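Below: the structure, in structure tokens.
Please read all numbers here as calculations on a predicted model, not as lab measurements. Quick note: numbers below take in every heavy atom, side chains included, and nothing from hydrogens, waters or symmetry partners.
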Amino acid sequence: MLKKAPPNIRFSEELRGTKQELLKVAQQFELEGLMAKRPDSLYESGRRSGAWVKVKLTRAQEFVIGGYTPPGGSRKYFGALLVGYYGPRGLLFAGSVGTGFSERALETLYGGLQRITRDTCPFINLPERRRGRWGQGITPAVMKRCRWVEPVLVAQIKFTEWTLDDQLRQPVFLGLRTDKQAKVVIRE
């Protein structure tokens, strides 16, 4: 037990239940995840062990691909997909997704993107004035490097949460959804 802990540190009572029960409660409270530990284990600063495990909650939904960024470093084809969802006025930008791609997926997806290119940005809420609190915004300077596509492809994306800027946090590409029409993709 901590004595005279600062106000932003609070003692948490032990929670009991099955993993699924506890994850359901964590989701209801919109927590990032849970820390699970063996009852007899001690916290060891700066050391990882199997005695303490972080269980992250993730969400997944479909997003419409509206563009991509050029590749950087040693990556080929493209850097990240620019994705969004439909709102009442049109396609809204939700973030960029740069992980979850195999080399084969990058190549295949890039080939498909080349067949649906367009000159203008399909997102109605771009450009943004600044890069946002987490540096994810697409400003006019960044937009000059982006490549735009017709918003017809739907991607399944896993992410941890929506940021206060209405951007995806830690998004990961899972695959394309050929069973879903882009026009019906909304924020869940």
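When atom types are taken as modelled, the side chain of E128 and the backbone of I138 share a donor-acceptor pair closer than 3.5 angstrom. Remark: side-chain polar atoms of Q114 are not paired, donor with acceptor, to backbone N or O of G111 under 3.5 angstrom. A side-chain donor-acceptor contact under 3.5 Å links T99 to the backbone of P171.
Taking every heavy atom of both residues into account, L57 and Q27 meet most closely at CD1-N, 3.7 Å. In plain terms, the two heavy atoms of R145 and P70 that are nearest each other are O-CD, 3.2 Å.
Side-chain contact of K158 with Q170: a donor-acceptor pair under 3.5 Å is absent, judged by distance alone. When only modelled atom types and interatomic distance are considered, W148 and T117 share no side-chain donor-acceptor pair under 3.5 Å.
For the pairing with P122, the side-chain contact (heavy atoms from CB on, under 4.5 Å) check across I65, V152, L91, V64 returns one residue only, L91. Looking at Y86, F63, F93 one by one, the single match for ring-ring contact (aromatic ring centres under 6.0 Å, His included) with F123 turns out to be F93. Applying side-chain contact (heavy atoms from CB on, under 4.5 Å) to L82 and the options T69, V97, V149 leaves one that passes, T69.
K19 is not listed as a side-chain neighbour of L22, based on a closest heavy-atom distance of 4.5 Å or more. Within the 4.5 Å cutoff, the side chain of V142 has no heavy atoms near those of the K144 side chain. Contact check for S41 versus W52: side-chain heavy atoms found under the 4.5 Å cut-off. Side-chain atoms of R59 and R169, non-hydrogen and from C-beta on, never get closer than 4.5 Å to each other. Counting only heavy atoms from C-beta outward, the side chains of L176 and V154 never approach each other to under 4.5 Å. Taking 4.5 Å as the limit, every side-chain heavy atom of K76 sits out of range of all side-chain heavy atoms of P71.
The distance from atom CD of E161 to atom OG1 of T58, rounded to the nearest 0.5 Å, is 12.0 Å. Note that CG of L81 and CD1 of I157 are 6.5 Å apart. Values are rounded to the nearest 0.5 Å. The distance from the CG atom of D179 to the CD atom of Q156 is 9.0 Å, given to the nearest 0.5 Å. The line from CG of L109 to CG of L153 is 7.0 Å long, rounded to the nearest 0.5 Å. To the nearest 0.5 Å, atoms CZ (R147) and SG (C121) are separated by 13.0 Å. Atom CZ in R187 sits 14.5 Å away from atom CD in E62 (nearest 0.5 Å).
Hydrophobic clustering of Ile, Leu, Val, Met, Phe, Trp and Tyr side chains at less than 4.5 Å, counting indirect connections, keeps F159 apart from V172. Both V185 and I116 sit in one connected hydrophobic cluster of ILVMFWY residues. Membership requires side-chain heavy atoms under 4.5 Å apart, directly or through other members.
Between Y68 and Y77, the gap from one ring centroid to the other reaches at least 6.0 Å.
Crowding of I186 atom CD1: a count of heavy atoms from other residues, nucleotides or ligands under 6.0 Å not exceeding 12. Counted within 6.0 Å of CG on D119, heavy atoms from surrounding residues, nucleotides or ligands total 12 or fewer; the atom is thus considered open. For CD of E188, the number of neighbouring non-hydrogen atoms (other residues, nucleotides, ligands) closer than 6.0 Å is greater than 12. Residue K37 places its NZ atom among more than 12 non-hydrogen atoms of other residues, nucleotides or ligands, all under 6.0 Å distant.
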- Item | Residues V55, M35; criterion side-chain contact (heavy atoms from CB on, under 4.5 Å); working and verdict | CA-CA 6 Å; V55 181; M35 288 298 300; over 6 Å; no
- Task: Mind running side-chain hydrogen bond (donor to acceptor under 3.5 Å, both in side chains) on T120 and R118 for me, showing each step along the way?
- Result: CA-CA 6 Å; T120 58; R118 65 186 272 169; 3.1 Å; yes
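Under the 30°/60° scheme for interplanar angles, the aromatic rings of F101 and F173 are found to lie parallel.
Every residue two or more places apart in sequence or in another chain that forms a ring pair (Phe, Tyr, Trp, His ring centres under 6.0 Å) with Y85 is listed here: W162. R115 meets the salt bridge (charged side-chain N to carboxylate O under 4.0 Å, His left out) test with no other residue; sequence neighbours excluded.
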